Number of protein chains: 2
Amino acid sequence: MTQSNETTSYRDIKETVLARIRSGEWQPDSLLPNEQDLAVEFSCTRTTVNRALRELADEGFLERRRKAGTRVLSAPQRQARFTIPMVRDEVEALGGIYRYALVSSVAERAPEWLCARLALKPDQHVMHVRCMHFNGNTPFQYEDRWIVIDSVPQVVNADFASIGPNEWLIQTVPFTNVELSFLASRADESVAAFLDLPIDEPVFTGERITWLEGQPVTFSKMYFTAGYRMTTQF
Amino acid sequence: MTQSNETTSYRDIKETVLARIRSGEWQPDSLLPNEQDLAVEFSCTRTTVNRALRELADEGFLERRRKAGTRVLSAPQRQARFTIPMVRDEVEALGGIYRYALVSSVAERAPEWLCARLALKPDQHVMHVRCMHFNGNTPFQYEDRWIVIDSVPQVVNADFASIGPNEWLIQTVPFTNVELSFLASRADESVAAFLDLPIDEPVFTGERITWLEGQPVTFSKMYFTAGYRMTTQF
DNA sequence: ATTTCCATTTTGTGTAGACTTTAAACTTTT
DNA sequence: AAAAGTTTAAAGTCTACACAAAATGGAAAT
């Protein structure tokens, strides 16, 4: 059969299923009919039903298990997706002019806390890069970053005066695994100075660890401007 | 052909494509071969290639447009997916015992700032619920919430002494639209008291606005325990 | 009563092929 | 040139069918 106006598409099925859950017709924890039966009901193939249910499961509405069937999740595990933009894009999306400035870039022995954090050997060296990201002339983010030299030997020749370490790394080393955290920290003297804040001001802070095939590549702390909020809708 | 050991699955294709992007073989902004050609290369059907590329696009690695083809995103818009668990689950995942306590629950006229925030009429009423979530006996989260009575009339009969407002709302109005923000705030006198912190301590804070079919349902502020971090891996 | 094993059900994934939709690129007209 | 129309290549989706893999529930063995 050709897909004409009256054909049920996987989108229609998704909508119908969601509507039935919302209306209470399909209660939380209850089992849905199996794919074959739904295919008959919607007069389409099982393939189409499968796609609809698979996506709803991805989106956190359903739970599916072979042989056990598909059930409505009682507490819809809705996942918030935060897009992690690069600072430049974030500033430009705010309608601002992005400006970058290098503060310092030094090769040094990895400090103890970093060795612990990244599972480095005590004598490994890192490139310590500090830099600022501005929105026009307003400080937007202060970045404190360490790059493991053994993992990215080219870093010793990188010119971080002209390109930010994040953009450089993205061009240079692909990464495979990332751990990203957000927390509230307190502006110490240096952070306060760079972001033009009072000392002890609460600062929204991100920490990112990046690995390439199990090798630690970089650790960075990002201190955001006062009043910054990370927002998403779903 | 049957799917035997040597068959290329959409997973294999995803991996291979990612590897080629990482290795630089497929540069950012460059165009991938079209699905048909890839199908030939991987000796599978276009359907299978399609699924692989579609998922990679969903995950933020590729951009696909009809007729234009598939290209590697220059700034991989990787999306961090934070699962937003209910406090109970979060505490239990930490190995703790979850305990809930109501602080107060009062019906009142919506304050001006809330009217502005939720686009309420100036005379609308809200249920103002304050409560605590504990990990054992340690304060974990202090929650300050307003529920729009016109949107959820049953709320006046809800017994928030025995069930948290979030869990009650999920049972009552399950499918909603949400705007979620995170920021760093400063513990005022009351927050500090509830979370057992010094005044002015930085506090990781979440704000959530919830709508049902365009109607504002609830606004809540969640103040997290000292040292809290929201973490994800990808 | 408990464990082990097996049949069966349900989702997971693949093949092969067709039609649809979008939008880029080209062609014609103004 | 610029605008309007046309072609066409690429992704998007569906059909129809097949075999694979997991896990449940019951049967058999201990």
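Keep in mind that this is a model prediction, so the values were computed, not measured. Note on naming: letters A, B, ... go to the chains in the order of the sequence lines (proteins, then strands), and numbering restarts at 1 for each one.
For D:dG12, neither phosphate oxygen OP1 nor OP2 lies less than 4.0 angstrom from any side-chain nitrogen or oxygen of B:R54. Of the side-chain N and O atoms in A:N50, one or more sit less than 4.0 angstrom from OP1 or OP2 of C:dG12. Dashed line: the shortest gap from a side-chain N or O of A:R65 to OP1 or OP2 of C:dT10 is not under 4.0 Å. Using a 4.0 Å cut-off, some side-chain N or O of A:Y10 falls inside it from OP1 or OP2 of D:dT13. Considering only side-chain N and O atoms, B:T48 lies under 4.0 angstrom from the phosphate OP1 or OP2 of C:dT15. Side-chain nitrogen and oxygen atoms of B:R64 include none within less than 4.0 Å of the OP1 or OP2 phosphate oxygen of D:dA10. Neither OP1 nor OP2 of D:dC17 sits under 4.0 Å from any side-chain N or O of A:T47. Look at A:T70 and you'll find a side-chain N or O under 4.0 angstrom from OP1 or OP2 of C:dT11.
Across all strands, A:R46 comes closer than 4.0 Å to base atoms (heavy-atom distances). Contact annotation for B:R51: backbone-only contact, meaning every heavy-atom pair under 4.0 Å involves sugar-phosphate atoms and none involves a base.
Going from atom NZ of A:K14 over to atom P of D:dC14 covers 11 Å, rounded to whole Å. In this structure, the CG atom of A:L62 is 11 Å from the P atom of C:dT11, given to the nearest Å. One interatomic measurement links the two molecules: CZ of A:F42 to P of D:dC14, which rounds to 13 Å at whole-angstrom precision. Computed from coordinates, the B:E35 CD to D:dG12 P distance equals 6 Å when rounded to whole Å. As a whole-Å value, the separation of A:L53 CG from C:dT13 P is 14 Å. Taking atom CZ of residue B:R11 and atom C1' of nucleotide D:dA20, one finds them 13 Å apart after rounding to whole Å. For the pair B:D12 CG and C:dT15 P, the computed distance is 11 Å after rounding to whole Å. When the P atom of D:dC14 is taken as reference, atom CD of A:E55 falls 10 Å away, rounded to whole Å.
In this structure, A:T225 contributes its side chain and A:P139 its backbone to a donor-acceptor pair below 3.5 Å.
The residue among B:P33 and A:T45 whose nearest nucleotide of DNA chain D is located toward the 5' end is B:P33.
Seen from the ring of B:Y98, B:R88 does not count as a face-on cation partner, given the 6.0 Å and 45° thresholds.
Residues B:N135 and B:T138 have side chains that never bring a donor and an acceptor to within less than 3.5 angstrom of each other. Between the side chains of B:Y10 and B:E15, no donor-acceptor pair of N or O atoms lies under 3.5 Å. Checking B:R145 against B:T218 by side-chain atom types alone, a donor-acceptor pair falls below 3.5 Å.
The base of C:dT22 has none of its N or O atoms less than 3.5 Å from a complementary donor or acceptor on the side chain of B:R66.
Using a 30° and 60° split on the angle between ring planes, A:F219 and A:W146 fall in the tilted class, from 30° to 60°. By the 30° and 60° cut-offs, the orientation of the rings of B:F182 relative to B:F204 is parallel.
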Protein-nucleotides 6-8 of chain C N/O pairs under 3.5 Å:
none

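Taking only side-chain atoms of A:S9, from C-beta outward, the nucleotide of D:dA11, C:dT11, D:dT13 with the closest atom is D:dT13.
The environment of A:N137 atom CG is sparse: at most 12 non-hydrogen atoms of other residues, nucleotides or ligands sit within 6.0 angstrom.
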